[in-house]
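Right, one structure below, let's go through it.
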Number of protein chains: 2
Amino acid sequence: MPPPEARPNARPVSARRARTRQRLLDAALEVFAEEGFGRSTVEQVCERAGFTRGAFYSNFTSLDELFLAMWERRSAHMLDDLRAVLADVAPDGPRAALHAALAAVPVDDAWYRVTAEFTAHALRHPALRRVMAAREQAILETIMPVVVAALSRAGRRVTDEEALGRALVAVHDGTSVQVLMEPDSASVRNQREQLFLHVLDAYSAPSEHAASPVPVTPEEPQ
Amino acid sequence: MPPPEARPNARPVSARRARTRQRLLDAALEVFAEEGFGRSTVEQVCERAGFTRGAFYSNFTSLDELFLAMWERRSAHMLDDLRAVLADVAPDGPRAALHAALAAVPVDDAWYRVTAEFTAHALRHPALRRVMAAREQAILETIMPVVVAALSRAGRRVTDEEALGRALVAVHDGTSVQVLMEPDSASVRNQREQLFLHVLDAYSAPSEHAASPVPVTPEEPQ
DNA sequence: TGTACTCGATACGTTCCTGTATCGAGAGGA
DNA sequence: TCCTCTCGATACAGGAACGTATCGAGTACA
């Protein structure tokens, strides 16, 4: 076992190579978002990144491989951001925590498009599907401790952590499309937030030591 | 108003032409599901349908146009099915109605992939986005009367019809991915159903004339 | 049955993209 | 500073898909 190298088969990647890969991945995100993955070409990505196709084939073997690398990097970043925000902020209640979390995971048009296509892509390729399922699991493990803690502080005990986690992810995904489809509708955004609160409420019960039941959803703006 | 013709600018489509279009649309659905829209070619669709490219260009001007036509036809069919099922079945309670509805809108792998890509596609093209938003509206108008009626029979009054409708659609979309990502997990399916019931509960209140509050979610299987 | 016209098949030229093989600049180590 | 070897640029050949122009079978209608 070679001592310093972290991963077994990790070649010593030069700084130069790393920079090139970075720029290619960044360019790919933009191109995929604009053109769609299937309609994108190696040339488009290279042109956007300021390289020739030679650089591409020296770093990746196919667009598929690049697509996976790009998606993994970007979604890992988002997960880190989310983790950081949720760790720093000490929310006073579910509502505050929700706002912090929603701010950390903004509804991003371009990223949504890419993710939607990657999902479809992954559903066709079992290996990719497993990658995505693992990421989903990581998301749950990241957000749930904080969600549970925030609800606890609000006098509510989570009954089924896994179910709540999946529900939150599903609501996030499902409502994101709606917001993007009607970007100018404030009521869609409000209803999204309300739905989150309802779900938090439904999957938690008043703590024993709480004097009186404290519902998550206090007022209902309309 | 011309008596038999439904639409004003509808050319007299020959039966022959209609058949050809049908077969092309059917083939397109299959090809798009397998290859992805962006990766599909006119040739693939034609080969699958048993035509040459000449037939295609005689019926459509581009793959984009075919994609739209295919999506509209298929989603209109699904909406009709849903309407029929919901109209026929006289459910005794929310749970029964939910099962009927979920049976009418099965989680279909191939169709999900196509829809996901069409959504991404539509988000890039305002005209298509409007088409999709309109369909979404139609879905709401179809399911909501029945949902309201079923809940009413269960002694519950819907407080905000629009919000409930959007919530149901969001939950459907969001949980469908989860089911497809982990097709063998029974708990994911159960949690999906539970989430639906929770949402029905959250967006309705006990009717005045009801003797005692009747929550939608009676038992909780796990 | 005859005739006109629709509509799918065939053929063509063009454009775009792919993947590889080779070369040379320059980064990195001694 | 010199030397080595990595890595991106360049050039090449092949192939895939596009859109159009034209033709002829067979359909529809009188």
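Everything numeric here is computed off the predicted structure, so don't read it as measured data. Naming: A, B, ... by sequence-line order, numbering from 1 per chain.
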Task: Test: R74(A) and D108(A) ion pair at under 4.0 Å - done: yes

Open item on the list: Can you measure R16(B) atom CZ to dG8(C) atom C1' for me and round it to whole angstrom units?
Closed with: 6 Å

Task: Closest to side chain of S14(B), choosing from dC7(D), dC7(C), dA17(D) - done: dC7(C)

Open item on the list: Please tell me if T41(A) has a side-chain N or O lying less than 4.0 Å from either OP1 or OP2 of dC16(C).
Closed with: no

Open item on the list: Without decimals, in angstroms, what is the distance between L66(B) CG and dC18(D) C1'?
Closed with: 15 Å

Open item on the list: Test of understanding: with salt bridge (charged side-chain N to carboxylate O under 4.0 Å, His left out), list the residues that count as partners of E43(A), not counting sequence neighbours.
Closed with: R53(A)

Open item on the list: Whether E161(A) and R166(A) form a salt bridge (side-chain N of Lys/Arg under 4.0 Å from carboxylate O of Asp/Glu) is what I want to check.
Closed with: no

Open item on the list: Near DNA chain D, counting only heavy atoms under 4.0 Å, which residues of residues 46-60 of chain A show up?
Closed with: F51(A), T52(A), G54(A), A55(A), S58(A), N59(A)

- [ ] Round to a whole Å and report the spacing from CZ of R19(B) to P of dG26(D).
- [x] 14 Å

Task: Partners passing side-chain contact (heavy atoms from CB on, under 4.5 Å) against D26(B) (at least two apart in sequence or in another chain) - done: Q22(B), R73(B)

Open item on the list: Test of understanding: with side-chain contact (heavy atoms from CB on, under 4.5 Å), list the residues that count as partners of A33(A), not counting sequence neighbours.
Closed with: A110(A), R113(A), V114(A)

- [ ] Would you mind checking if E65(B) and R21(B) are paired as a salt bridge, meaning a charged N to carboxylate O distance below 4.0 Å?
- [x] no

- [ ] Using only side-chain N and O atoms of R17(A), determine if any of them is under 4.0 Å from OP1 or OP2 of dC7(D).
- [x] yes

Task: Test item: side-chain donor near acceptor, Q44(A) and E34(A), under 3.5 Å - done: no

Open item on the list: What is the distance, to the nearest angstrom, from the CZ atom on R39(B) to the P atom on dC18(D)?
Closed with: 14 Å

Open item on the list: On DNA chain D, compare the nucleotides closest to A15(B) and V42(B); which residue's is nearer the 5' end?
Closed with: V42(B)

Task: salt bridge (charged side-chain N to carboxylate O under 4.0 Å, His left out) against E35(A), all qualifying residues, sequence neighbours excluded - done: none

- [ ] Please give the angle, rounded to 10 degrees, between the axes at the start and the end of the helix from dT1(C)-dA30(D) to dA30(C)-dT1(D), where five pairs define each axis.
- [x] 40°

TODO: Look only at the side chain of T115(B) and the backbone of W111(B), and say whether a donor-acceptor pair between them is shorter than 3.5 Å.
DONE: yes

